[in-house]
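Okay, structure first, notes after.
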Amino acid sequence: GPAGAIAGRLIGALAGNAIDQTLFATHSQRAVDGPRLADLDVMASTAGAPIPRVYGHARLAGQVIWATNLEEVVNTSTTTTSTGGGGKSTGGGGGSTVTTTTTTYSYFANLAVGLSEGPIGAVLRVWADGKLLDLSGLNVRIYTGSEDQTPDPLIVAKEGDAPAYRGLAYVVFERLPLENFGNRIP
C-alpha cells in the first residue's frame, strides 16, 4: 500500500545517501600516528661496577653515570589531497578532498657515560651498538679525568649542585637522537 511505498522510498533514500557519502565524499579526515614509546624511563646503570684503569689504547664499554628522562618531541603535519572531478552520472560536481594529519614522535637523551680512571689522552672513537658513531653532528663533551676538571654545564643546569667527577674520564651526550637505536639508549 501507500505506507509501504513511503517507507520503501525513505529506506532507499537513506541507503543511497550513505553510499553517495562514502563514494563521493566532498571532504574526509584521517589521522595517522607514528610509533611512540609508552614508557620514558632510561636504562639503569649497575651500582658498584668497577672503574677500569687503562694503559695505552683500549676499547671500553662505558657505564651510564648520569641521565635525564628521555625527551619526546611531537611533530604534526597536515596534508590535503584532491581526488579530482567527478560526481554523479550527470558529470557535475567538484572533486573530493582528503585531509590527513600525521603525528610523528622523536626521542632524545641527555646522558654522561663514565669510561675509565683518568687522566686519559683522548677519546678517539665512540661506538654505539657495535657501529662507529659519527660525532660531527652531535653535541658531545669529553672530560679527560683530570683532578681539576669542572662540572659539566648540562648536569649543573639539570641538577643544580653537580659533581665534577674528578679523576674519572667521561663523555656527555646532549640531546642524542635515539631514532637510529630503536628509541633507546645504545
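Residue indices begin at 1 and follow the sequence shown.
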Quick one, [X] and [Y] - any side-chain contact, counting heavy atoms below 4.5 Å?
X: Thr100; Y: Thr81; answer: no
X: Leu70; Y: Arg184; answer: no
X: Leu154; Y: Arg175; answer: no
X: Pro186; Y: Leu178; answer: yes
X: Val126; Y: Leu135; answer: yes
X: Leu111; Y: Val113; answer: yes
X: Ile65; Y: Leu168; answer: yes

Problem set entry | Residues in salt bridge (Lys or Arg N to Asp or Glu O under 4.0 Å) contact with Arg141, at least two apart in sequence or another chain |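 Only Asp152, Glu174 meet the salt bridge (Lys or Arg N to Asp or Glu O under 4.0 Å) criterion with Arg141.
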
Exercise. Quick one: ring pair (Phe, Tyr, Trp, His ring centres under 6.0 Å) partners of Phe173, sequence neighbours excluded?
Worked result: none

Exercise. Looking at residues at least two apart in the chain, or sitting in another chain, which of them share a ring pair (Phe, Tyr, Trp, His ring centres under 6.0 Å) with Phe108?
Worked result: none

Problem set entry | Neighbour count above 12 (heavy atom, 6.0 Å) for Ile51 CD1 | no

Exercise. More than 12 non-hydrogen atoms from neighbouring residues, nucleotides or ligands closer than 6.0 Å to CG on Asp161, yes or no?
Worked result: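 It does not: Asp161 CG has 12 such atoms or fewer within range.
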
Exercise. Should Leu115 and Leu138 be regarded as members of a common hydrophobic cluster, given that ILVMFWY residues are connected when their side-chain heavy atoms come within less than 4.5 Å of each other, either directly or indirectly?
Worked result: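 Yes, one cluster joins them.
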
Calculate, to the nearest 0.5 Å, the distance between atoms [atom1] and [atom2] belonging to [X] and [Y] respectively.
X: Asn139; Y: Leu176; atom1: CG; atom2: CG; answer: 10.5 Å
X: Arg166; Y: Ser146; atom1: CZ; atom2: OG; answer: 8.5 Å
X: Lys158; Y: Ile155; atom1: NZ; atom2: CD1; answer: 11.5 Å
X: Asn183; Y: Tyr105; atom1: CG; atom2: OH; answer: 12.5 Å

For this session: Output every pair passing ring-ring contact (aromatic ring centres under 6.0 Å, His included) with a member in residues 112-162, not counting sequence neighbours, ordered by first then second residue.
Result: Tyr143-Tyr170

Exercise. Can you list the steps and then say if Thr78 with Thr99 is a side-chain contact (heavy atoms from CB on, under 4.5 Å)?
Worked result: CA-CA 7 Å; Thr78 303; Thr99 301; 3.5 Å; yes

Exercise. Do you know the tightest heavy-atom contact between Gly121 and Thr144?
Worked result: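 Looking at all heavy atoms of both residues, the closest pair is O-CG2, 4.4 Å.
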
Exercise. Can you name the nearest heavy-atom pair linking Pro151 to Pro163, along with the distance?
Worked result: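 For Pro151 and Pro163, the tightest heavy-atom pair comes out as CB-O, 3.7 Å.
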
For this session: Check the pair Phe181, Asp129 against side-chain contact (heavy atoms from CB on, under 4.5 Å), reporting the backbone distance first and the verdict last.
Result: CA-CA 8 Å; Phe181 309 111; Asp129 287 346; 3.7 Å; yes

Problem set entry | Glu72-Tyr107 side chain donor-acceptor pair, cut-off 3.5 Å | yes

For this session: Mind running side-chain contact (heavy atoms from CB on, under 4.5 Å) on Val140 and Val172 for me, showing each step along the way?
Result: CA-CA 6 Å; Val140 178; Val172 175; over 6 Å; no

Exercise. Is the shortest side-chain N to carboxylate O distance from Glu117 to Arg53 below 4.0 Å?
Worked result: yes

For this session: Give a yes or no on whether the backbone of Gly145 and the side-chain of Gln149 come within a donor-acceptor separation of less than 3.5 Å.
Result: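 Here the side-chain-to-backbone pair exists.
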
Exercise. Quick one: side chain to side chain contact (heavy atoms under 4.5 Å, CB included) partners of Pro52, sequence neighbours excluded?
Worked result: Leu60, Ser116

Seminar exercise, completed: Hits for side chain to side chain contact (heavy atoms under 4.5 Å, CB included) against Thr76, two or more places apart or cross-chain, chain-then-number order -> Val74, Thr101, Thr103

